[in-house]
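Because only heavy atoms are used, hydrogens play no part in the values below, and waters and symmetry mates are left out as well, while side chains stay in.
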Protein chains: 2
Amino acid sequence: MPRSMRHDISISTVRRLSAYYRALRELRGEGIAVASSQLLAERSGVTPAQLRKDLSCFGHFGTRGRGYDLDSLTHELRSILGLDRRWRVGLIGAGNVGSALFSYAPFREQGFDVVAIYDVDPAKIGQVWDGVRIAAIDELRPGAGRVEPLDIAVLAVPAAAAQEVSDLVVAAGVRAILNFAPRKISVPDTVALRTVDMAIELEALSFALRFLAGR
Amino acid sequence: MPRSMRHDISISTVRRLSAYYRALRELRGEGIAVASSQLLAERSGVTPAQLRKDLSCFGHFGTRGRGYDLDSLTHELRSILGLDRRWRVGLIGAGNVGSALFSYAPFREQGFDVVAIYDVDPAKIGQVWDGVRIAAIDELRPGAGRVEPLDIAVLAVPAAAAQEVSDLVVAAGVRAILNFAPRKISVPDTVALRTVDMAIELEALSFALRFLAGR
DNA sequence: TAGATTGTTAATCGATTAACAATC
DNA sequence: TAGATTGTTAATCGATTAACAATC
């Protein structure tokens with residue numbers, strides 16, 4: 001993987017890499033060993049040119065006249081996406097959303113281990129979920145409890161608390177945040193942030209329905 | 001709202017409209033009645049030019065030299081986004097994710113009512129959640145039970161079932177789908193589809209961490 | 001009127017697509 | 001070798017940004 005090329009990779013490209021990775025494993029599960037960009041792209045919902053262009057940001061993984069060896073490309077993508085190791089995830093918020101995320105199996109299967117859970121509710125603090133004790137959110141503060149740092153914080157807190165909790169996890173040294181709170185949060189540009197906002201997606205559907213209905 | 005202009009509205013624009021709508025209500029909550037594109041944009045995380053351009057797709061909502069009246073713009077955005085009415089939502093899948101979505105308050109507050117729940121698990125079928133009886137998924141089939149159509153189907157099913165269930169809800173006349181299953185699904189282009197894919201978001205963070213770490 | 005700020009056009013930027021030489 | 005398909009360059013497309021005339 002040419003290190004020099006890793007600079008201007010767009011988030012769109014990265015998200016498509018995830019899609020390719022998934023398609024790859026699907027095809028492999030069907031017993032296919034080698035596939036063209038045409039077939040891979042079809043399964044991923046993109047054009048073959050798009051797929052080749054995306055992959056070319058990271059190296060030369062195919063064989064002209066033949067296509068891509070699925071096992072080898074899977075291995076490359078695992079490495080590029082950082083799925084060849086395990087990540088330490090802290091779940092902040094043990095409410096409905098937090099609980100669903102905690103028991104979400106694909107999470108763990110991809111290498112993401114929830115090793116810590118935090119909440120503010122005294123009724124929740126001290127509970128043990130599948131071996132993980134729910135801690136008071138104050139234990140995130142510098143100097144408090146935790147020694148091994150978290151790689152990723154998953155924010156499943158109310159919108160009103162999102163920015164404050166985000167500041168807290170950033171101060172605790174977390175470098176990546178997945179935010180489920182329906183609120184825009186600001187982080188330093190050394191911290192990676194992704195937001196999953198169900199309200200926005202629903203509103204996009206609502207908009208589309210109104211538009212479709214008007215035709 | 002110029003009807004002729006509603007054709008080529010990009011999904012990016014629509015998602016930003018949701019952000020503006022949220023920022024608007026936030027500012028209004030702070031007692032502010034009129035705001036410039038500058039202030040609104042700042043709160044929404046975009047440039048003022050972007051905000052004005054987005055709004056201009058739908059009409060002229062501001063006053064030159066003055067800015068935007070927040071109440072009036074809120075009203076316009078509510079109408080554009082279809083939030084001035086209620087939508088009938090069917091939840092497909094009553095597992096962990098489905099259960100969290102069902103109890104997710106912002107859902108209802110924005111006008112989305114879960115009026116039906118479907119599952120395949122005999123242990124789940126017949127349960128009543130907050131007044132809604134969980135039905136067998138077969139009741140979605142044409143000719144079966146339901147009379148009033150659903151506006152939106154929320155898919156909270158395993159990846160392996162996603163396409164099949166999607167086909168089923170489309171056949172049942174649903175025009176908008178919010179898919180939480182980590183799988184690409186295909187729908188006719190008369191159906192609006194949004195996907196929330198936590199695996200992709202986590203993998204984007206994992207990619208970013210590897211990159212940040214490599215600097 | 002003078003100052004402020006919109007709505008919109010034109011310029012820029014970036015991402016996608018098409019085409020094809022390289023090559024297995 | 002002939003056929004197939006990659007990797008990459010150039011062309012296209014669309015989205016964002018900058019600038020400014022219109023105007024409150």
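If you take CG of D54(B) and P of dT6(C), they are 14 Å apart, rounded to a whole angstrom. The separation between F58(B) atom CZ and dT8(C) atom P is 14 Å, rounded to whole Å. Distance F61(A) CZ to dC24(C) P: 17 Å, rounded to the nearest Å. Distance, R16(A) CZ to dG14(C) C1': 12 Å, rounded to whole Å. One interatomic measurement links the two molecules: OH of Y68(B) to C1' of dT23(D), which rounds to 14 Å at whole-angstrom precision. The NZ atom of K53(B) sits 18 Å away from the C1' atom of dT5(C) (whole-angstrom rounding). In this structure, the CG atom of L17(A) is 14 Å from the P atom of dA15(C), given to the nearest Å. Summarising the geometry, the separation between CD1 on I9(B) and P on dG14(D) is reported as 14 Å, rounded to the nearest angstrom.
Checking dA19(C) for Watson-Crick or G-U wobble geometry (two distances, each under 3.5 Å) identifies dT8(D) as its partner. Remark: dC24(C) base-pairs with dG3(D); criterion is Watson-Crick or G-U wobble with both hydrogen-bond distances under 3.5 Å. dC13(D) is paired with dG14(C) under the Watson-Crick or G-U wobble criterion, all donor-acceptor distances under 3.5 Å.
Using a 4.0 Å cut-off on heavy atoms, the residues of residues 24-49 of chain A that approach DNA chain C are T47(A), A49(A), listed by number.
Residue T13(A) is out of contact with every strand shown, counting any heavy-atom pair closer than 4.0 Å. At the heavy-atom level, R52(B) lies under 4.0 Å from base atoms of the strands shown.
Using bins of under 30°, 30° to 60° and over 60° for the plane-to-plane angle, the ring pair Y104(B)/F107(B) lands in the perpendicular bin.
Of the possible polar contacts, one joining the S44(A) side chain to the L40(A) backbone as a donor-acceptor pair under 3.5 Å is found. For R22(A) (side chain) and P182(B) (main-chain N/O), a donor-acceptor pair under 3.5 Å exists by modelled atom type.
Comparing T63(A) and Q50(A) along DNA chain C, the residue whose closest nucleotide (by nearest heavy atom) sits nearer the 5' end is Q50(A).
Atoms CZ and CG, from R175(A) and L205(B) in turn, are 12.5 Å apart once rounded to the nearest 0.5 Å.
Checked for salt-bridge contact, E201(A) and R15(B) meet the test: a charged N lies under 4.0 Å from a carboxylate O. Salt bridge status for E30(B) with R43(B): present, with a side-chain N to carboxylate O gap under 4.0 Å.
Side-chain atoms of R64(A) come within donor-acceptor range of the base of dA22(C), with a qualifying N/O pair under 3.5 Å.
Surrounding CZ of R86(B) are more than 12 heavy atoms belonging to other residues, nucleotides or ligands, all under 6.0 Å away.
Put simply, H60(B) has a side-chain N or O that comes within less than 4.0 Å of OP1 or OP2 on dT8(C).
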